[in-house]
Amino acid sequence: MAEQKPGICGLCFHSPGCGVIVHFDDDGKIDRLTPDPGAPMGEVLCPMAASAKQIIYSDARIKQPLKRKGPKGKLDFEPISWDAAFDIIAQKMDSVRAKYGPQALGFYAGTGSYERAFKDAFQLGGSHIYLASSILFPYGSPNTFGVGSPCYTSLGVLAPQLTCGCLHTEMFSDLDNSDLIFVWGTDPSTSTPPAMFGRLVRAAHEGARIIVIDPRQTASAKLPGSLWVPIRPGSDGALALGLCHILIRENLIDQAFVKEWTFGYEAFAEYVKAFTPEIVAGITGVPRDLIMELAQEIADAEGASYVMYTGLEYTKSGVQNIRAVMVLWALAGQLDVEGGRCFVPHENQIHLSKDHQIASPGFDRSIGAGHFPVYAHFCGGEPHANRLPKSILEGDPYKIHGLFILGASILTAWPNPILWQKAFDALDFLVSIDLQLTRDAAWADIVLPATTAFEQSSYCFYGNAVRLREKMIEPVGQSKPCFTILTELAQKLGYGEKFPANETALLDLVLKDTGITRADMEQDERLTVRKPAEPMTYRKWETGHLRTDGKPGFETPSGKFEIKSQLLEQMGYEGLPKYEESFETPVSQPLLANRFPLILGTGPFKPDMKSCLRAIPDFIEKYPDPMVQMNPQDASDRQIETGDTVVVKTPRGFVEMRADVTENVMKGFVYASVGGGGPLGSESWRKANVNVLTDLEQFDPISGFPVYKTLMCQVKKKRRMRTIVVQDPSLGCVG
């Protein structure tokens, strides 16, 4: 019988740490994964788990360090040793510092850096999120960037911190006790970790009312008794404010909470007077009577909760949209009640130490100084990555000359890839660290091979539990864990003592003062220590359970739930969660509507990790071509059928995709797949970078997040190629 062993999934770059049983073949290679209900997050696995063997042992894996051989823009490399690679990198870094100063070097960390040990070792000191690396701080550069600059931070950090002084991960929706659940702008059936959708299914079959607010009819909207509410993309904030208007007008709010525990309510109540059901129906496309019904349902529910991820972030007022939903829940009396949107009890969490983390040498010295101060405030002084092209190409405020890119593909993830390519052309030096060659790697001088998390020892953290991660297999080829690559680089640069030497040393640091030891974990069958849960209590602001000083209230400047954020006002923004029409919509740009009558949303088709899986046979079989989903009426108007090659066009450019005609998207909206434009996969995928359609100059002014969800576009059936002819000069002006 082939060997099997309990472990932690090492595929998902979001690193939720799903428990798995790893099955090996006769050669000792990982063959397949199955769920491990005895481990944290082990009840169900996402679809990517079925492709584990293909991902780990892919022919596209980089198996040794590479050095540029051909010109920039080409994937032309020759193999070198690790020592030689580190020597070249160190020499280049010394040269940059000598000529331009240490601030002329930057580091960008993407989703490939999400493994827990890496996050804890290199999180910026004082930050509330782990999506950037401090590896260059001892070198002297404050210019570190992360994928948090276009993803998650608005929902995960900014909105909840500004409103109630906590993180998204410090709250939870009590779905198991909810009789009303809003699924707002996300698709739990395709998200990671995958257990959330299972909870929704169970809730639906137990009689919970599920309302899905989304331009797409997702699997959640097809559960028993559910209701799909199609909404014009980007107008979610207006709907939340309209629901608040009704609650206030009909006196359906939690009066005691409003009076004692909110800041800015009176100004907010005055502001939302304009958001009548009739007005909001015109903005959102949601019928007036349905808006009235939704407000009444929230007010009447014994327990109302919501499931929300990043869908509301990608418009001009993304942070404020999310804040508006949070305010709605608070006014309705559905905050921290049974079945509602609740706070995780502080005493039920293991609080890992962050004392070892290194602080920035100075945000004011970075290229982000003066820009996106709220983002920098909560992200440890991290400058925003959308400043990179201006720095590299225009020297604003000074020029970045060298860049590391780890676990990311900027050219397939950020708007305006042509501009980014010009920026990469202008760099003196670039290093790419990844599992496989990316589009960015075509501009790299050195490419370093990274491992999956199956190929390293580490640990995972689950809030109330910590589990050791055992190494399942030896690294493929000469690849190394990202953690090891950076610690060895730090040693090469002469400041290795600034970081933990290995994962064992790091674990000892993070467990300091927790009362937990590695020995405790090793004694458990699943190498896991769980903190016993104290009984759940509610309305924790009344008992001092939300503040570090133990006083009643919230961890905000006012000590209250800030409908009007004092920090936003101090930093020059609007304090109330006001709704703004996005930059490019049929409302804000009516003159564009004739040429671009459809609204474009972009995102992944699951199972997918953006551009990371393009060479995986299972993915190629399911999605041989990039797709754009569109409503049957819109398709019929354009004589388009499923499978047709179409051109998706915006004012910035066009891409070719395959049409997927489906009732699952609302009329007037199209949903186009991300992840094309890299060097892997079919020719159609390599050509279809959806971000030639998006715009780097359209972003939320608070978070800096690009607008990915509300752009205007047109979709047309691709014409048959015509024979090229030479003009007949005898036709003269008639020709």
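- Put simply, the side chain of Thr602 gets close to the backbone of Tyr708: a donor and an acceptor are under 3.5 Å apart.
- Phe275 and Tyr579 have perpendicular rings, their planes meeting at more than 60° on a 0 to 90° scale where under 30° would count as parallel.
- Here the options are Phe699, Phe705, Phe378, Phe145, the test is ring-ring contact (aromatic ring centres under 6.0 Å, His included), and the partner is Phe372; only Phe699 passes.
- Note on ring orientation: taking the six-membered ring where Trp is involved, the planes of Phe561 and Phe257 are perpendicular (angle over 60°, cut-offs 30° and 60°).
- Of the possible donor and acceptor atoms, none in the side chain of His128 sits under 3.5 Å from a partner among the backbone N and O of Thr153.
- Checked by atom type, the side-chain pair Ser582/Thr710 shows a donor-acceptor distance below 3.5 Å.
- Defined by atom type and a distance below 3.5 Å, a donor-acceptor pair is present between the side-chain atoms of Ser588 and Thr585.
- The side chain to side chain donor-acceptor pair (under 3.5 Å) search around Asp174 returns Asn177, not counting sequence neighbours.
- Salt-bridge formation is not detected for the pair Lys316/Glu581: no Lys NZ or Arg NE/NH1/NH2 atom is positioned less than 4.0 Å from an Asp or Glu carboxylate oxygen.
- Every side chain to side chain donor-acceptor pair (under 3.5 Å) that His371 has, sequence neighbours left out, goes to Arg387.
- Remark: Lys578 is positioned above the aromatic ring of Tyr271, its terminal NZ or CZ atom under 6.0 angstrom from the ring centre and at most 45 degrees off the axis.
- Side chains of Glu663 and Gln217: no donor on one and acceptor on the other come within 3.5 Å.
- For Trp184, the side chain to side chain donor-acceptor pair (under 3.5 Å) partners are Asp236, not counting sequence neighbours.
- At a cut-off of 3.5 Å, with distance as the only test, no side-chain donor of Ser173 or Ser305 sits close to an acceptor on the other residue.
- For the pair Arg216 and Tyr671, the cation-pi test (distance below 6.0 Å, angle within 45°) is passed.
- Checked for salt-bridge contact, Arg539 and Asp254 meet the test: a charged N lies under 4.0 Å from a carboxylate O.
- In terms of heavy-atom proximity, Glu382 sits nearest to Phe363 at O-CE1, 4.1 Å.
- For the pair Met666 and Arg232, the tightest heavy-atom approach, listed with the atom from each and the gap, is CE-N, 4.2 Å.
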